[in-house]
S.K.: 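Provided herewith is a single structure, encoded as structure tokens, for subsequent inquiry.
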Protein chains: 2
Amino acid sequence: MVSIKDVAREANVSTATVSRVINRQSNTSSAATTAVHQAIAKLGYKTSSNKQSANMIGVMVSDVSEPFFGQILKGVESVAQKNDKRLLVLSSQYSVETERQAIKQLVSYCDHAIIHSKWLTDDELIEYASQIPGLILINRYIKSIRHRCIALDNVHGGYIATRHLLNKGHRNIGCLCSEQDIDDAVDRLAGYKQALTEFGLTIDEQFISSCYPSEEGGRLATYNLLAKKLPLTAIVSYNDIMAAGALAALAENGIKCPDNISVVGFDDLIIAGYLNPKLSTVRYPAAAMAEQAARLSLKLTGQNESDQSSFIREHILIPSFVKRNSTSVCSTQT
Amino acid sequence: MVSIKDVAREANVSTATVSRVINRQSNTSSAATTAVHQAIAKLGYKTSSNKQSANMIGVMVSDVSEPFFGQILKGVESVAQKNDKRLLVLSSQYSVETERQAIKQLVSYCDHAIIHSKWLTDDELIEYASQIPGLILINRYIKSIRHRCIALDNVHGGYIATRHLLNKGHRNIGCLCSEQDIDDAVDRLAGYKQALTEFGLTIDEQFISSCYPSEEGGRLATYNLLAKKLPLTAIVSYNDIMAAGALAALAENGIKCPDNISVVGFDDLIIAGYLNPKLSTVRYPAAAMAEQAARLSLKLTGQNESDQSSFIREHILIPSFVKRNSTSVCSTQT
DNA sequence: CTGTTAGCGCTTTCAG
DNA sequence: CTGAAAGCGCTAACAG
């Protein structure tokens, strides 16, 4: 256990100065301050080493009120509870700076941190990961620290969504994309293309429409597709929310789902089961993923007695398909 | 600041024994254990008085993954963030014992605790509330500690839901109730009755159907209503989930909403906007309520510099009506 | 099972 | 602005 004393030695100051720096109180010279901060980073010192931090497992998500993140909290909480640990929650509110501050806090307060970072660069995350062994990245894959990442195989997700439609005879499949430049968006699109290619079909960019990943975005992207008068019989969507927008756009235009056009979502949010028709979608096992992340975190700090280094499989989860009522066999045979 | 030493003196044991009791380790006689626990309760001692607890605001809800509770977390988190506090989250998983343990933990770890208790008795909650001044009950009203409660006026909610339908000309209004014996269920029903009475209508118990407050429960309760061949033109539901079940049951029977029967929900969950038709409902301002609870907690421990004791209005929030597409003017004039 | 005692991590005081 | 040293809250070791 690295103490304030070690930090003091490393920074060539007294323990009192370190204490002052940590608590941001009274005046300390900037030289001493930076020296202390460097020493803290180097040694991986954590405040409240008085055992409190060992009992805390921290989570950072974008917004605690979103159902998807609720699942993640639940997953982490369940293993926290089993291991008699407390759950510390912070959110980034979709802001880079808030996200950075949150992670810094987590790193300094907790031995374990499950982080869903949307905005920080790989390099910055690698840096934080190096500070505590219990930091796990969720829904993100960084090769150089892949043993610290738990992610979903989004390519496969896009693939099975598209594949499901192909198997039902659909050949003219539109794709609603997220215009955000993040991994899951490009991966899911790649899965869509892979499925088509594998089926011997050529990819027509006309069938791909990008918008902001909201309900309104889904509606707009669908309008754009419809405007082109393509022989569309099915649509795969970046996520359930956009799919909800697509369903609304179709309904407004008298196009019946699934009779005329089938729709597939992604995520399997609660709303999927309440849409009309109930949405066929790809299940994102968020809670399971979070559980696994939490267990991995415990394992990496040796809390988890058993299998210290036993099974080190790739931490990539495979999504599965959920068939509901928004997809059917293609009626317009070509 | 009450220390372990004070507790030891109060309990007539040594500090070591107190330490042992707190950490539930090694053996301690039950006599000593209870004596220590009593002393802790009496003096309001909190572990980690080493300043950690003052930075923590704890929340307990039933299930962190439910959207409704997500709102509550978000509300508390927003004020926590503003006041530079960390958020500690525990859930009861709908179990009495888990709930009790969670509250105990919160009380001993945090200076502030926002608690959504569904299962504990008033007396027990009063007891916990007496242990720390920063404990606030949310969505619950206990008269003797009402300055520690933030709740919704559920009677008013049931009232405006019913009133909305009455104003649209409906006179034969069914009511889907929760069979659970909790305050909000009876309050919302009371609001329903009040609105009818106020309109000079007599209450016919035939129109009231109770089931478990789930989608399936809503479906069943609706079947039961339909089976009676009542001249039903509208339904008010205990919550949105049951209303979703009601919509499904109506659709399955070829009854159009809102053309034939209007439906009103309660809570205004995310799904309300995605149902078909979009659900008119009563908005439960969960996040706002949680924010207010958190602010109250800070105020009660004197953290909130200003207005120490200034405005002590009743902490009852008023719900409002959200008009969407599931309600319309009554067509069958009597 | 319990108290004494030594010790640890940290903060605060005080002198410079 | 800083360090030495005293002090505080707590835990661990040991003897009974």
Side-chain angles (χ1 to χ4, degrees), chain A residues 1-56 84-86 104-105 107-111 131-132 134 301 303, chain B residues 1-56 84-86 88 104-105 107-111 131-132:
Chain A
M1 171 177 291
V2 36
S3 82
I4 202 174
K5 214 181 274 179
D6 304 309
V7 176
R9 195 181 317 115
E10 177 73 29
N12 279 317
V13 294
S14 72
T15 59
T17 302
V18 176
S19 176
R20 281 186 274 256
V21 169
I22 289 170
N23 299 304
R24 293 173 194 73
Q25 74 183 192
S26 60
N27 290 332
T28 47
S29 70
S30 64
T33 306
T34 55
V36 168
H37 278 138
Q38 279 175 12
I40 287 177
K42 180 173 176 187
L43 302 177
Y45 168 80
K46 284 183 291 304
T47 17
S48 62
S49 288
N50 43 19
K51 138 78 88 56
Q52 200 75 345
S53 72
N55 285 330
M56 298 270 257
D84 199 32
K85 308 231 178 284
R86 250 65 52 197
K104 278 189 182 171
Q105 278 194 47
V107 164
S108 74
Y109 275 100
C110 306
D111 279 357
Q131 292 181 25
I132 58 170
T301 54
Q303 301 262 352
Chain B
M1 169 178 290
V2 35
S3 82
I4 201 175
K5 213 181 276 181
D6 302 310
V7 177
R9 194 180 318 115
E10 178 72 27
N12 279 317
V13 294
S14 71
T15 60
T17 302
V18 175
S19 177
R20 280 186 275 254
V21 169
I22 290 170
N23 299 302
R24 293 172 193 74
Q25 74 183 193
S26 60
N27 290 331
T28 47
S29 71
S30 64
T33 306
T34 55
V36 168
H37 278 138
Q38 279 176 11
I40 286 176
K42 179 174 178 185
L43 302 177
Y45 166 80
K46 284 183 291 303
T47 16
S48 63
S49 290
N50 41 22
K51 134 86 84 65
Q52 201 74 342
S53 72
N55 286 328
M56 297 270 257
D84 198 33
K85 306 229 178 288
R86 248 67 51 197
L88 189 69
K104 278 189 182 172
Q105 278 193 46
V107 162
S108 74
Y109 275 100
C110 307
D111 279 357
Q131 293 181 23
I132 58 170

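Just so we're on the same page: letters track the sequence lines, and every chain starts at 1.
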S.K.: In Å, rounded to the nearest 0.5 Å, how long is the span from OG1 of A/Thr17 to CG of A/Asn12?
M.R.: 11.0 Å
S.K.: Would you compute the distance between atom SG of B/Cys110 and atom CZ of B/Arg86 and round it to the nearest 0.5 angstrom?
M.R.: 11.5 Å
S.K.: Please walk me through it: do B/Asp111 and B/Ile132 pass side-chain contact (heavy atoms from CB on, under 4.5 Å)?
M.R.: CA-CA 7 Å; B/Asp111 279 357; B/Ile132 58 170; 5.9 Å; no
S.K.: Indicate whether any N or O donor in one side chain lies under 3.5 Å from an N or O acceptor in the other, for A/Ser30 and A/Thr33.
M.R.: no
S.K.: B/Thr28 has a side chain; which of C/dT11, C/dT2, D/dT11 sits nearest to it?
M.R.: C/dT2
S.K.: Pair A/Ile40, A/Gln131 - check side-chain contact (heavy atoms from CB on, under 4.5 Å), show working.
M.R.: CA-CA 9 Å; A/Ile40 287 177; A/Gln131 292 181 25; over 6 Å; no
S.K.: Step by step, would you call A/Tyr45 with A/Val18 a side-chain contact (heavy atoms from CB on, under 4.5 Å)?
M.R.: CA-CA 11 Å; A/Tyr45 168 80; A/Val18 176; 5.6 Å; no
S.K.: Please list, by residue number, the residues of residues 36-44 of chain B whose heavy atoms come closer than 4.0 Å to an atom of DNA chain C; answer none if no residue qualifies.
M.R.: none
S.K.: Within this structure, what is the CD1-CG distance for the pair A/Ile4 and A/Leu43, rounded to the nearest 0.5 Å?
M.R.: 12.0 Å
S.K.: What integer distance in Å separates B/Ile22:CD1 from D/dC10:P?
M.R.: 7 Å
S.K.: Tell me, which pairs form a side chain to side chain donor-acceptor pair (under 3.5 Å) where one or both residues lie in residues 35-44 of chain A, sequence neighbours left out?
M.R.: A/Glu10-A/Lys42
S.K.: What parts of residues 6-17 of chain B reach DNA chain C, counting only heavy atoms under 4.0 Å away?
M.R.: B/Val13, B/Ser14, B/Ala16, B/Thr17
S.K.: For C/dT2, does OP1 or OP2 lie under 4.0 Å from any side-chain N or O of B/Ser29?
M.R.: yes
S.K.: Could you state the CZ-C1' distance from A/Arg20 to C/dT12, rounded to the nearest angstrom?
M.R.: 9 Å
S.K.: Rounded to whole angstroms, how far apart are CD1 on A/Ile4 and P on C/dC10?
M.R.: 5 Å
